[in-house]
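Here the structure comes first, spelled out in structure tokens, and everything after it is commentary.
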Amino acid sequence: QNAYGTCGLGNTTVTVFPTLCATNVTDVYTHPTQGARYGDRPRLLIRKNDGYLYVAGENAQGSCGLGNVTTPISTLTQIIGLGNSISNAWPLGGAYGWTVVQKTDNTIWVAGYNGFGQLGNATTTNQTSFVDVTSAWSGGGKTIKTIVAGCGGWNGADYGNGWMGILFTDGTFKNCGVNTNNQLGDGTAVNKSTPVTPSLGSGTITDVQS
């Protein structure tokens, strides 16, 4: 399926055979949430050997992070603003999705859908350009181990989901976004646009799933 240009070939026609879309690729990034209800509207996110990220596909909420652009991207496009010191990246969801990037200095950057404050930048405004949320999520210096999320019909009803949780390699975990059913585990039923730590008692968290 290529209706939103996800194949990065410069068109929106269904591509039934493997077709070369890029060379000098060192990493390809994906996430289970891209197979949600709007699974035909994901993003292709890669890194080339120049260190930069390149993106194509669904961008209705600015999840490609290319600035004031909310139209589909059918050609793999360099995300210049993030620089080329990228450690890891996570494209989450489809039509109602967002993208998380961690740089080699462990800073955390986000772009895309933010209707429930799930990006953790103290707003509920969609981010069409990548914004630094390091201080809110980790305080700096922590490496991301796992990201879980509810978006675009993944792990819940239709596209009205909007929460994200990040587990760091030191065993700390925070989450934020929609919380109407106490899913953030902080003892409230209030949506959070800044990350909170769930009440889990003592001990080190080794894994988290959604």
Side-chain angles (χ1 to χ4, degrees), residues 29-43 45 58-65 70 88-102 108-128 130-139 142-210:
Y29 304 99
T30 188
H31 192 271
T33 56
Q34 289 207 292
R37 183 179 186 276
Y38 290 95
D40 62 336
R41 298 170 69 173
R43 274 148 286 127
L45 186 64
E58 173 59 271
N59 190 37
Q61 317 300 327
S63 53
C64 289
T70 55
N88 209 340
W90 297 262
L92 304 166
Y96 289 83
W98 56 95
T99 303
V100 181
V101 174
Q102 185 160 47
I108 302 168
W109 299 75
V110 294
Y113 180 56
N114 195 33
F116 295 91
Q118 62 269 30
L119 299 184
N121 64 338
T123 77
T124 54
T125 302
N126 293 346
Q127 299 294 317
T128 58
F130 280 93
V131 59
D132 187 347
V133 293
T134 310
S135 59
W137 281 98
S138 73
K142 295 183 179 181
T143 302
I144 295 174
K145 179 179 180 180
T146 304
I147 293 181
V148 291
C151 50
W154 177 269
N155 197 28
D158 207 349
Y159 59 79
N161 298 302
W163 65 270
M164 177 167 65
I166 298 180
L167 174 64
F168 295 92
T169 54
D170 68 350
T172 58
F173 176 78
K174 288 185 177 181
N175 55 179
C176 67
V178 66
N179 195 31
T180 51
N181 293 305
N182 310 96
Q183 54 264 59
L184 299 183
D186 67 337
T188 77
V190 179
N191 294 350
K192 299 294 191 306
S193 60
T194 56
V196 296
T197 300
S199 303
L200 295 173
S202 60
T204 300
I205 302 170
T206 59
D207 191 21
V208 59
Q209 298 183 28
S210 67

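In this text, all values refer to a predicted model and were calculated from it rather than measured experimentally.
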| query | Between the side chain of Ser193 and the main-chain N/O of Gly117, is any donor-acceptor distance below 3.5 Å? | reply | no

| request: Identify, with sequence neighbours excluded, every residue that meets side chain to side chain donor-acceptor pair (under 3.5 Å) alongside Glu58. | output: Arg41

| field | Donor-acceptor pair, side chain of Asn175 and main chain of Val196, under 3.5 angstrom | value | yes

| Nearest heavy-atom pair of Pro91 and Tyr29: which atoms, and what distance? | CG-O, 3.6 Å

| Can you name the residues that form a side-chain contact (heavy atoms from CB on, under 4.5 Å) with Thr99, not counting sequence neighbours? | Arg43, Leu45, Ser63, Val101, Phe130

| message | I'd like to know if the side chain of Thr134 reaches the main chain of Ile108, judged simply by a donor and an acceptor atom lying under 3.5 Å from each other, with no hydrogens or angles considered. | response | yes

| Under the side-chain contact (heavy atoms from CB on, under 4.5 Å) test, residues paired with Val190 that sit two or more places apart | Thr188, Lys192

| query | Is there a side-chain contact (heavy atoms from CB on, under 4.5 Å) between Ile166 and Lys174 once you walk through the steps? | reply | CA-CA 6 Å; Ile166 298 180; Lys174 288 185 177 181; 5.9 Å; no

| If only atom types and distance count, is the side chain of Asn179 paired as donor or acceptor with the main-chain N or O of Leu184 below 3.5 Å? | yes

| query | Between Asn88 and Gln102, is any side-chain donor less than 3.5 angstrom from a side-chain acceptor? | reply | no

| said: Could you check whether any side-chain N or O of Gln34 sits under 3.5 Å from a backbone N or O of Pro32, counting only pairs where one atom can act as donor and the other as acceptor? | reply: no

| What distance separates Thr206 OG1 from Lys145 NZ, expressed to the nearest 0.5 Å? | 6.0 Å

| query | Closest approach of Trp90 and Ile147, non-hydrogen atoms and distance? | reply | CD2-CD1, 3.5 Å

| task | Classify the angle between the aromatic ring planes of Tyr113 and Trp98 as parallel (below 30°), tilted (30 to 60°) or perpendicular (above 60°). | result | tilted

| Would you say the side-chain atoms of Gln127 pair up with the backbone N or O of Asn114, donor to acceptor, closer than 3.5 Å? | no

| said: Between Asn121 and Val133 (side chain of the first, backbone of the second, donor and acceptor by atom type, cut-off under 3.5 Å), is there such a pair? | reply: no

| query | Please walk me through it: do Val100 and Met164 pass side-chain contact (heavy atoms from CB on, under 4.5 Å)? | reply | CA-CA 10 Å; Val100 181; Met164 177 167 65; 3.6 Å; yes

| Any luck finding a side-chain donor-acceptor pair between Thr172 and Lys142 under 3.5 Å? | yes

